[in-house]
There are 2 protein chains.
Amino acid sequence: MLQLTKRTDYGLIALTHLAGHSGVRSVRSIADLYPIPRRLLAEVLKDLLHSHLVESHRGAQGGYTLARPPGEIMLSEIVEALEGAPSLTSCEGSHTENSCAVEAVCPIRSPIHVLRQGIWRMLEQTALSDLAGWPELARIPSFR
Amino acid sequence: MLQLTKRTDYGLIALTHLAGHSGVRSVRSIADLYPIPRRLLAEVLKDLLHSHLVESHRGAQGGYTLARPPGEIMLSEIVEALEGAPSLTSCEGSHTENSCAVEAVCPIRSPIHVLRQGIWRMLEQTALSDLAGWPELARIPSFR
DNA sequence: TATAATTAGCATCAAAACAGTGCGAATTAC
DNA sequence: GTAATTCGCACTGTTTTGATGCTAATTATA
């Protein structure tokens with residue numbers, strides 16, 4: 001099930017903030033700036049750390065920085081880090097362990113599968129910097 | 001929160017089935033064909049009925065038909081019918097009743113808002129017939 | 001007219017996902 | 001040494017979701 005929860009919401013806020021402000025930023029400073037529960041934001045950033053999208057700096061005056069330039073961080077990576085990779089199979093139970101027997105023309109898996117893939121492809125083609133460039137929506141290719 | 005649940009999954013299956021088979025189709029016949037709980041599919045089709053995406057035919061030999069040609073039924077309508085319109089605001093509580101005070105440059109609402117709008121636009125531009133045309137993904141503009 | 005098939009509308013229930021919090025340990029600038 | 005901060009684990013209450021039950025209304029058909 002593909003969804004955009006508050007975790008992703010908070011993650012995007014934090015990442016765009018990091019993209020727009022150089023230097024180390026602590027969880028506290030970000031959570032105070034936006035109306036985000038501090039502890040929850042900390043959890044989110046930890047997940048982003050584990051996915052190597054941010055780098056942590058422990059101790060006093062510590063915090064987080066982007067692990068890569070915002071133009072190289074794709075939305076698909078962010079969503080996957082915070083909500084897990086979407087299970088692109090939607091007909092669990094109707095196939096054996098490895099793969100669906102009639103995958104090639106499976107009329108069951110088909111519709112939602114196509115839809116999810118389309119959305120996912122859009123996320124793969126859109127970088128964090130594209131979001132930061134708001135509100136120039138036109139900069140995002142898939143958004144036209 | 002934009003999400004694609006099993007309701008949408010089942011709905012898309014039913015609708016693509018209706019798109020591919022002329023004539024009235026009962027809930028039973030569809031649910032028996034795919035591994036879908038009969039009663040749940042009935043609920044989904046009732047929602048699609050209320051949104052005028054399908055027409056019902058009551059009584060024996062009854063069932064459902066598409067209310068419009070599949071080329072005129074947009075995915076956004078389907079998702080909205082089955083999961084409700086996505087609340088495009090993500091910073092509830094931080095603004096007063098009507099609108100966010102700093103909406104124009106609101107750095108909070110921005111990222112997830114842009115993302116949701118992008119996905120929604122894609123759904124608005126993709127018709128049911130495009131999904132039915134699987135696996136020719138190239139036919140879907142936003143999918144390139 | 002009787003019957004069976006089917007949608008319509010109500011309500012309910014269990015399980016899963018989600019949002020948010022608590023606590024203490026480890027690390028590090030100052 | 002102290003204060004600030006990340007790190008890791010667990011936990012809880014609420015909401016959402018998936019799924020089902022029951023009965024009434026409708027209608028083709030025998």
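None of these values were measured; they are calculated from a predicted model. In the text below, chain A, chain B and the rest are named by the order of the sequence lines, each starting its count at 1.
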OP1 or OP2 of [N] less than 4.0 angstrom from a side-chain nitrogen or oxygen of [X], does that happen here?
X: Thr5(B); N: dT16(D); result: no
X: Ser56(B); N: dT6(C); result: no
X: Arg28(B); N: dA5(C); result: no
X: His50(A); N: dC7(D); result: no
X: Tyr10(B); N: dA19(D); result: yes

If Ile, Leu, Val, Met, Phe, Trp and Tyr residues are connected whenever their side-chain heavy atoms lie under 4.5 Å apart, and connections chain through other members, are Met122(A) and Met74(B) in the same group?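 Not linked; separate clusters.
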
Please tell me whether Ile30(B) and Val24(B) are part of a single hydrophobic cluster in this structure, the criterion being side-chain heavy atoms less than 4.5 Å apart.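 The answer is no; the residues belong to distinct hydrophobic clusters.
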
State, to 0.1 Å, how close Ala19(A) and Leu66(A) come at their nearest heavy-atom pair, and which atoms those are.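 Distance-wise, the nearest heavy atoms are CA-CD1, 3.7 Å.
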
Which pair of non-hydrogen atoms, one from Leu41(B) and one from Ala14(B), has the smallest distance, and what is that distance?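 Leu41(B) and Ala14(B) have their closest heavy atoms at CD1-CB, 3.9 Å.
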
Between [N] atom [atom2] and [X] atom [atom1], what is the distance in whole Å?
X: Leu40(A); N: dA17(C); atom1: CG; atom2: P; answer: 17 Å
X: Arg25(A); N: dT6(D); atom1: CZ; atom2: P; answer: 13 Å
X: Tyr64(B); N: dT27(D); atom1: OH; atom2: P; answer: 14 Å
X: Lys6(A); N: dT21(C); atom1: NZ; atom2: C1'; answer: 15 Å
X: Leu4(A); N: dA17(C); atom1: CG; atom2: C1'; answer: 15 Å
X: Glu55(A); N: dT6(D); atom1: CD; atom2: P; answer: 15 Å
X: Asp9(A); N: dG20(C); atom1: CG; atom2: C1'; answer: 15 Å
X: Ile13(A); N: dA19(C); atom1: CD1; atom2: P; answer: 12 Å

Cut-off 3.5 Å, no hydrogens considered: what does the side-chain donor-acceptor table look like for residues 47-55 of chain B, sequence neighbours left out?
unit_1	atom_1	unit_2	atom_2	d
Asp47(B)	OD2	Arg7(B)	NH2	2.1
His50(B)	ND1	Lys46(B)	O	3.4
Ser51(B)	OG	Asp47(B)	O	3.4

Please list, pair by pair, any protein nitrogen or oxygen found under 3.5 Å from a nitrogen or oxygen in nucleotides 11-14 of chain C.
none

Under 3.5 Å between N/O atoms: give me all the protein pairs with nucleotides 24-30 of chain C, atom names plus distance.
unit_1	atom_1	unit_2	atom_2	d
dA26(C)	N3	Arg58(A)	NH2	3.2
dT28(C)	O2	Ala60(A)	N	3.2
dA29(C)	O4'	Ala60(A)	O	3.2

N/O donor-acceptor pair under 3.5 Å between Thr16(A) side chain and Ile13(A) backbone: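 Looks like yes, one N/O pair under 3.5 Å.
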
Any donor-acceptor pair under 3.5 Å linking the side chain of Asp130(A) with the backbone of Ala127(A)?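 Yes, Asp130(A) side chain to Ala127(A) backbone: donor-acceptor pair under 3.5 Å.
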
Looking across every strand, which nucleic acid part, if any, lies under 4.0 Å from Leu49(B) by heavy atom: base, sugar-phosphate, or nothing?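 It contacts sugar-phosphate atoms only.
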
